[in-house]
Amino acid sequence: MKFWRRRKDEELDAEIQSHLDEAIRDRIARGEAPDEARANALREFGNVGLVKEVTREMWGWAWVEQLLQDLRFGLRMLRKNPGFSLIAILTLALGIGATTAIFSVVNAVLLRSLPYHEPDRLVLLSYYRERVLNDYANAAEYLEWRTQTKAFAQMAAYRFDVADLTGNGEPERLKVGYASADCFATLGVTPARGRAFTPEEDRAGNAKAVILTNGYWQRHFGGAPQVLGRTLTVGGQSRTVVGIMPSGFRLTDDAELWLPLALDVNQQLSRQGNAVRVKVIARLKPGATPEVARAELAAVLAQQRQHFPQIYSRFGDIQARVIELNESLVGNVRRALWVLFGAVGFVLLIACTNVANLLLARGAVRQRELAIRAAVGAGRWRLMRQLLTESLLLALAGGVAGWLLARWGIKLLVAFSPDSIARIRETTVDGRTLVFTCLVVVLAGLLAGILPALQASQTDVNETLKAQSSPTGQRGARRLLPALMITELALALVLLVGAGLLGKSYVRLLVVPKGFHPAGVLTGVLSPSVAKYPFQSPQRDAYHREVLARVQALPGIRSAALASLTPLEGGYGRTGFQIEGRTAFPKEETPMADENIISPEYLSTMGIPLLAGRAFTAADNSGGPEVVLINETFARRFFPNENPIGQRLLMARTKTIVGVVSDTRHQGLDQDVRLEIYIPSAQAIWNRNYVLAVRVADQQNNPSSLAIQIAAIRNQLRVLEPNEPVNEIIPLEQRLSNSRAVATRRFQLTLFSVFAAVALVIATVGIYGVISYSVSQRTQEIGLRMALGAQTSDVVRLIVWRGMRLALLGVTLGVVAALALTRVMTKLLFQVTATDPLTYTQVAVLLFAVALIANYVPAQRATKVDPLIALRHE
Amino acid sequence: MKSHKKQSYENRIELLQGTLDLLILQTLQWGPRHGYGISQAIRAGSGEVLQVDTGSLYPALHRLERKKWIKSEWTTSENNQKVKTYQLTTAGKKQLAAERSNWERLTAAMAGILNPTEEA
């Protein structure tokens, strides 16, 4: 502004100078000598400084001055009513802070593009197989896509695993990523130091390079650049550090180190031996659409099915999938986040409504002041501007406080967020968040201020000034206050219903029959190095036997067992089967069951009830007849009217059903129970890693004893294999509460509950304020009624009844809005419908109770007024 | 504290205001002019009777510009000098018409009062 003023000054100088120049020129033209001309011109012009000054006065800084006036006045008003200002600012701070915090999460997870080059052209390729859990590709498929498609500029594969880092002090088990040589180039990311893998390093048997993530480099090497060229022993292989990734680099999952994928191309393409499962990313060529790419993959798939019918017929329906990389990361949380964002928007609305309430009530008190202003010439617009300046000031102060609140809230949010929300850890306060907050501040200021400003600027000057005493409230305010109170109630109801529905889902989820007793059970993965203990080798079996023997021998341990499926987290072991003596299912419709390979003690360790037949014993070994257990769902589906015991299943080998066990939710609490068969570990023909499950004695089931037991078990594992890191062993109950189904819902529920609680408090305060105000406006009427003999109870009833009629209206409106809005939550709920009548009833009753208290207290207080004083009120 | 001199300027502005505005608008009717040009035109047009004081002219020009009756731009004069020229806006033309008719009514009324016998 100063700058602008200076420019105008310079312009004025130039204008006057040009005036003088023209005058001098004229005079010279008329024959005056130059010196004389100059002197005469100056004399004729007069006092230059004074001319400038009086001219400058014409510029009119009216709007600036008025704004400054409004600001000064607004600040004075806010300082003069510290209580009012504090409440309004705090209310707005809560609304703005919560909105900002959730927005920054939405921004990080949904809005900010992935930190790769042109991320919207990156796609994830897979085959969807009807009978397996998730989308993936086999390495052979990836290799064939590479040569047989045209839609992609680049294509790369990667996978995640764990690997042991040895030879460097304490052995360490790390999450590692395996990436093909062109993986980072496909993403458009180059290592911050060093280089990416070369095609030579990506060849099977030649994978002797390693790239560090920035995090690992910082933690273990203190960010020293000399680490390039050093050797690390990872997975029993000595490797040279060739590069360090930039900080923040991440590809769908966490990894500490990156190793070359190094596929054995010929072996994979021949489909002999183990198929390597990979994730495949590709960059679409300019102009190529995902649809074109999908059609290409489908064409390749048709050929593959033709060449390897025995492999592809096992899976039932297979479809080529091309998903945007970003969509594959956040697609599942998008709805939940937008619902949360909507919820927090409601909190903001309630906060604004409440401040509008406060301003309206105060507007009534300030009516006389405003009338005087109007009388001395302030226009309607000028009055509105002044009042809006005040509400914007409040919003600004609320915004600053809310911003601090948000920064703290974001830390809390990220700390408590479940892992299932991809990228939430990238949440930061950035420029976009700042712009968003500024917009919210302006919006909040206008929302809260516009009605009171409109209202106050309509003040009837004559009537107000004629009134002898303090104003008795405006007709308009009387009309608006109840409307705002109804709005607040309705908004709060919607939030409470949302929180109620989520809460109920959560409770339902926790009481879902799990089919096992998690209390007192500890679990951990056993993954002895494959180099020393190859899969399906006698050494590995001996290792597992030794672990069980040692753990069982520990004091305070009731039983220990092994299983191939991690409880609640599922696994990949699935098998097709036929039933002996029945018409075979056609190949495409072969039923598939989850296959859980267990040691005999597993059922008793986990507390899985045996419903019929017998459990496994030590006799069920490779020498004995092959046996299986089936779960209840299996029995019901295939043997509804016969005894399953003794029936035989045709799988890779023929196995006899010896027992039926209760259904368990191995795949997650919110997943349907699937067909499951149990196979004794001694008869398994393959396995990967086992989960060790240990049940402690009942008296040991408390946190400190469990911690001691965990330490003891880990110690045994360390003694048994000193050169290998020991995996984490945690209580099954902890695994349960960390599981995706539970943790995600808990996160949503917590946030929603906090929002609903804040909304309820703000709304209660607001309703209380409105009723108090309207009661105080009617002191005289109340006094008159009392003087005429009305009983206290009559007066209270009258006031409360009026308030409750509004509450009824608000609750009704809220129910209608909630019925319409909670539909978007359907997917977040579990065993609860979005229109659950009980939740609605409970929330409505709660709000009525709150409204009743908010009405009753001020009503009761009003009747305490001495009728004489009340009557003199005028 | 305003100087005596400044106050006298302001008094003159007060006295001249309506008239000066009318004169400026009228002068600009014939095309854009700069400040010096306007004062010269008024002087010449009145047969050297009216001498517009710069202390009145410039405030008036800036005030009229703020009222959007005239607008200004920097141009080059015939003497090849950078000057700020003013020209009439549409609103200014309307204002000119209105002020003219006011002026005519005023002079007629003044004439009626000053020369009652002649009228009768």
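Owing to the predicted nature of the structure, the values given are computational and were not obtained by experimental measurement. Both backbone and side-chain heavy atoms feed into the values below; hydrogens, waters and symmetry mates do not. In what follows, chains carry the letters A, B, and so on, assigned in the order in which the sequence lines appear, proteins first and then strands, with residues in each chain numbered from 1.
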Are there residues of residues 82-91 of chain B whose heavy atoms fall under 4.5 Å of chain A's heavy atoms? If so, which? B:Lys82, B:Val83, B:Lys84, B:Tyr86

Heavy atoms of other groups near A:Arg432 CZ, more than 12 under 6.0 Å: yes

Acceptor/donor pairs from residues 435-448 of chain A side chains to any protein atom, 3.5 angstrom cut, sequence neighbours excluded:
unit_1	atom_1	unit_2	atom_2	d
A:Thr437	OG1	A:Thr100	OG1	3.4
A:Thr437	OG1	A:Thr433	O	2.8

Summary of ring-ring contact (aromatic ring centres under 6.0 Å, His included) pairs that have at least one residue in residues 15-38 of chain A, sequence neighbours excluded: A:His19-A:Phe45, A:His19-B:Tyr36, A:His19-B:Tyr58

Name all residues meeting the salt bridge (charged side-chain N to carboxylate O under 4.0 Å, His left out) criterion together with A:Arg38; count only those two or more places apart in sequence or in a different chain, and write none if there are none. none

What is the distance from atom CD of A:Glu15 to atom CG of B:Leu61, rounded to the nearest 0.5 Å? 7.0 Å

Heavy-atom distance under 4.5 Å to chain A: side chain of B:Ser39, backbone, both or neither? side chain

Quick check for you: among A:Val48, A:Asp26, A:Leu12, A:Ile16, which has the greatest number of heavy-atom pairs under 4.5 Å with chain B? A:Asp26

For B:Gln81 against A:Gln17, the heavy-atom pair lying closest together: NE2-O, 4.5 Å

